[in-house]
Amino acid sequence: MDSALCWKLLCVAAVSVSLEGLFRYWWKRRKSVKEVLFFPVSLSCTEGVLNPGVPCLCPLPHTDSDLHRLMRRLMEARRSLELCIFTFSSPPLARAVLLLHSRGVRVRVITDSDYMATVGSQIGALRKAGVEVRHNQSSGLMHHKFVLIDKTLVITGSMNWTMQAIQTNKENLLITDDKVLVSAYVKEFEELWNEYDPATYDFFPETDK
Ligand SMILES: [Zn+2]
């Protein structure tokens, strides 16, 4: 191969590498997420989010809502899903979480010890399926309601994962991939995860002995 051709090939390679870099930068900027969801929403079928393209013949209306938008965000998880949710009793949201777990997404749940035992709680079903769950053990509620998707997206707001909250209450959720905000929530999750490690349970404090 002569040297002129060699140079030409090198130039083409250099241009494609820098174009790829530009494309990646543009794609990342384009993907910047700033979204707000409001509830309540009226009851409608969410099967389409879990099984896209499969027609559903159930009698519920098949209209899109902010619950669908929330579930579509959850279904974007490819590596990890961290839930830090005070009360979790919503069957459609539990179905989404179980589906992600069955796909090999690492799901970790932090919840409140009192409310996880209430009627309709989905925590038992998640644990039965092998999802890791930890809860607070002292006074003071574990009152957070936030979710981390692949540690790159946070969903946070007032809403508990209950049908009451979804269909009746005035609630809001903010979704962002802002790195500073997401990393603050990742830190809080990891700190609580360690604090609520069952190995550190202290049911019989020294003072009681
Ligand atoms: Zn349906």
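Read the numbers this way: they start at 1 and go in the same order the structure lists the ligands and their atoms.
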Taking the Zn ion (ligand 1) as the center, what protein N, O or S atoms are found at less than 2.8 Å?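 Per the 2.8 Å query on the Zn ion (ligand 1), atoms found are C45 SG, C56 SG, C58 SG, H62 NE2.
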Salt bridge check, E171 against K145: does any charged N sit closer than 4.0 Å to a carboxylate O?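 Judged by the 4.0 Å cut-off on N to carboxylate O distance, K145 and E171 do not form a salt bridge.
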Any side-chain heavy-atom pair of T176 and V33 under 4.5 Å: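 No, side chains not in contact.
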Is any side-chain heavy atom of L70 closer than 4.5 Å to one of L93?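 SC-SC contact between L93 and L70 confirmed.
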Give me the atom names and distance for the closest heavy-atom approach of T118 to Y115.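 So the two residues come closest at OG1-O, 2.7 Å.
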Over all atoms of both residues, closest heavy-atom pair of I85 and T87: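 The pair with the smallest heavy-atom distance is CG2-O, 3.2 Å.
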Donor-acceptor contacts under 3.5 Å from residues 96-104 side chains, at least two apart:
{"residue": "H101", "atom": "NE2", "partner": "A129", "partner atom": "O", "Å": "2.8"}
{"residue": "S102", "atom": "OG", "partner": "L99", "partner atom": "O", "Å": "2.7"}

